[in-house]
Amino acid sequence: MSIEIRNLTKRFGSFVALNNVSLDIRPGELLALLGPSGSGKTTLLRLIAGLETTDSADEGQILFDGVDVSGKPVGDRGIGFVFQHYALFRHMTVFENIAFGLRVQRRARRLSRAQIKDRVDELLRLIQLEGIRNRYPWQLSGGQRQRVALARALAVQPNILLLDEPFGALDARVRADLRNWLRRLHDELHVTSVLVTHDQEEALEVADRIVVINEGRIEQIGTPEEVFHSPANEFVMSFLGNVNLFHGRVEEKRAIFGNLAVETPVTSGESTNGTARLLVRPHELEIVPQDAPDAILTTRVQRVQLAGPQVRVELEGNDNKPVLVELSHEDYRRNPVTRGQVVALRPRQSRMFLED
């Protein structure tokens with residue numbers, strides 16, 4: 001099922017949570033709404049679900065397969081909803097929690113007892129928890145409880161699955177495992193799904209496309225590769241992972257950062273003086289001798305962290321600002337550095353933004 005968001009605005013008093021947002025969600029895709037706290041991503045999810053409504057008809061539309069559902073109640077939208085804190089019934093077993101939505105359906109749509117059992121058994125196999133059907137939520141781990149919550153949402157065969165920070169309350173290892181499991185599950189079911197998260201790694205790993213939201217507006221829509229490697233603006237690049245920031249000056253049509261000159265996108269007739277910002281991810285920097293050409297900064301090594309898949313080198317520039325470089329262990333063995341050593345930095349890749 002497709003979802004179309006048309007010029008959607010939502011206010012809470014004088015606060016504008018969403019400001020004229022438009023978005024197309026394709027049938028069968030897993031779309032991530034990514035942004036900081038207060039950006040409007042959960043408000044958008046709740047509007048899609050029908051848990052929030054706009055104040056008037058001129059504040060936008062929500063369409064499912066071309067049909068306006070803005071005025072429809074939650075129960076008539078065919079939505080499955082998974083919350084961060086599971087919302088399981090503590091007095092019901094795993095089996096009864098999953099079966100709950102099937103048992104309370106309208107009589108005309110309600111399945112027989114045998115059909116409900118078959119459906120729940122199918123879902124227990126899907127979430128790989130067949131052996132704990134008679135346990136209660138308090139007897140389960142956090143990851144197991146979240147899988148039961150997902151199965152309960154899927155039991156009624158929703159047209160759309162909405163997930164609001166579903167793994168936010170879990171530890172890092174369990175989150176990683178469940179992300180992989182959710183991606184495999186989605187590839188099997190192909191239910192149109194919208195995932196709200198503030199975890200950049202989660203969005204990059206799980207989603208078909210990512211919508212980056214900030215202050216109630218969409219900053220960029222694209223595949224994980226597009227938003228990470230071709231960010232639309234400085235906010236998107238800064239939000240998607242660690243970034244080092246360098247300031248430079250603009251002279252004519254070049255921005256100067258230390259010994260590095262970068263062509264600017266200014267055109268004839270525009271001002272050619274001012275300042276610029278160069279954003280470089282830690283893995284895009286290389287450590288070079290002080291006199292190397294195209295170096296952007298001379299720094300002193302503060303700390304070398306060898307544990308982990310990459311070597312993390314923390315440095316400090318002449319302006320006392322910290323800089324982080326990530327190297328492969330192979331690169332570090334070829335060119336090791338030690339605390340207190342003075343070196344220069346050169347970017348392999350970067351993104352430049354002219355300052356207003």
Side-chain angles (χ1 to χ4, degrees), residues 29-46 48-49 51 79-98 100-101 120 123-155 158 160-189 191-213 224 228 239-242 307-309:
E29 80 170 330
L30 199 168
L31 183 100
L33 302 177
L34 175 66
S37 297
S39 60
K41 56 190 187 296
T42 294
T43 298
L44 178 54
L45 194 78
R46 289 174 64 84
I48 294 171
L51 298 171
I79 295 288
F81 210 118
V82 181
F83 299 91
Q84 177 177 345
H85 295 290
Y86 325 122
L88 298 179
F89 300 114
R90 291 180 57 83
H91 65 287
M92 292 184 181
T93 64
V94 166
F95 184 96
E96 291 301 326
N97 263 284
I98 297 173
F100 177 79
V120 175
L123 287 164
L124 284 167
R125 286 192 294 273
L126 193 66
I127 64 173
Q128 301 170 349
L129 293 179
E130 303 100 306
I132 62 169
R133 67 180 61 223
N134 294 320
R135 292 187 191 176
Y136 290 89
W138 55 271
Q139 296 175 304
L140 308 180
S141 68
Q144 289 173 330
R145 287 197 295 268
Q146 197 57 289
R147 279 193 275 170
V148 173
L150 184 55
R152 188 176 64 180
L154 293 170
I160 295 167
L161 180 64
L162 305 180
L163 305 108
D164 188 10
E165 302 272 10
F167 310 137
L170 305 172
D171 63 50
R173 175 62 184 270
V174 176
R175 279 204 310 270
D177 290 343
L178 283 183
R179 284 201 300 264
N180 293 331
W181 175 78
L182 177 63
R183 183 64 249 188
R184 293 194 302 271
L185 183 68
H186 182 268
D187 289 341
E188 183 175 339
L189 299 178
V191 176
T192 304
S193 304
V194 183
L195 166 73
V196 161
T197 183
H198 64 271
D199 186 325
Q200 303 92 333
E201 184 179 343
E202 185 168 288
L204 291 170
E205 185 176 331
V206 170
D208 296 312
R209 287 191 303 153
I210 296 173
V211 179
V212 183
I213 301 180
F228 188 84
F239 193 73
L240 287 168
N242 291 326

Residues E201 and R179 bridged, charged N to O under 4.0 Å: yes
So do the side chains of [X] and [Y] get within less than 4.5 Å of each other, counting heavy atoms only?
X: D208; Y: L31; answer: no
X: L154; Y: I127; answer: no
X: L129; Y: L140; answer: no
X: D164; Y: R46; answer: no
X: Q146; Y: V82; answer: yes
X: F167; Y: V206; answer: no
X: V120; Y: E96; answer: no
X: R133; Y: T93; answer: no

Which pair of non-hydrogen atoms, one from [X] and one from [Y], has the smallest distance, and what is that distance?
X: H198; Y: K41; result: N-CE, 4.1 Å
X: A176; Y: E205; result: O-OE2, 4.3 Å
X: V191; Y: S193; result: O-OG, 2.7 Å
X: P137; Y: F89; result: CG-O, 3.4 Å
X: A207; Y: A32; result: CB-CB, 3.6 Å
X: L161; Y: A153; result: CD1-CB, 3.9 Å

Spacing of [X] atom [atom1] and [Y] atom [atom2] [to the nearest 0.5 Å]:
X: L182; Y: D177; atom1: CG; atom2: CG; answer: 12.5 Å
X: L162; Y: F83; atom1: CG; atom2: CZ; answer: 9.0 Å
X: R145; Y: R135; atom1: CZ; atom2: CZ; answer: 12.5 Å
X: L51; Y: T43; atom1: CG; atom2: OG1; answer: 11.0 Å
X: L88; Y: W138; atom1: CG; atom2: CH2; answer: 14.0 Å
X: E202; Y: R183; atom1: CD; atom2: CZ; answer: 12.5 Å

Can L150 and L185 be said to form a side-chain contact (heavy atoms from CB on, under 4.5 Å), step by step? CA-CA 10 Å; L150 184 55; L185 183 68; 3.5 Å; yes
Under the side-chain contact (heavy atoms from CB on, under 4.5 Å) rule, what do V94 and Q144 come out as? Steps first, then yes or no, please. CA-CA 10 Å; V94 166; Q144 289 173 330; over 6 Å; no
Consider side-chain contact (heavy atoms from CB on, under 4.5 Å). Of L34, T42, L44, which one does V196 pass it with?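 Result for side-chain contact (heavy atoms from CB on, under 4.5 Å) with V196: T42.
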Would you please test I210 and F228 for side-chain contact (heavy atoms from CB on, under 4.5 Å) and show each step? CA-CA 10 Å; I210 296 173; F228 188 84; over 6 Å; no
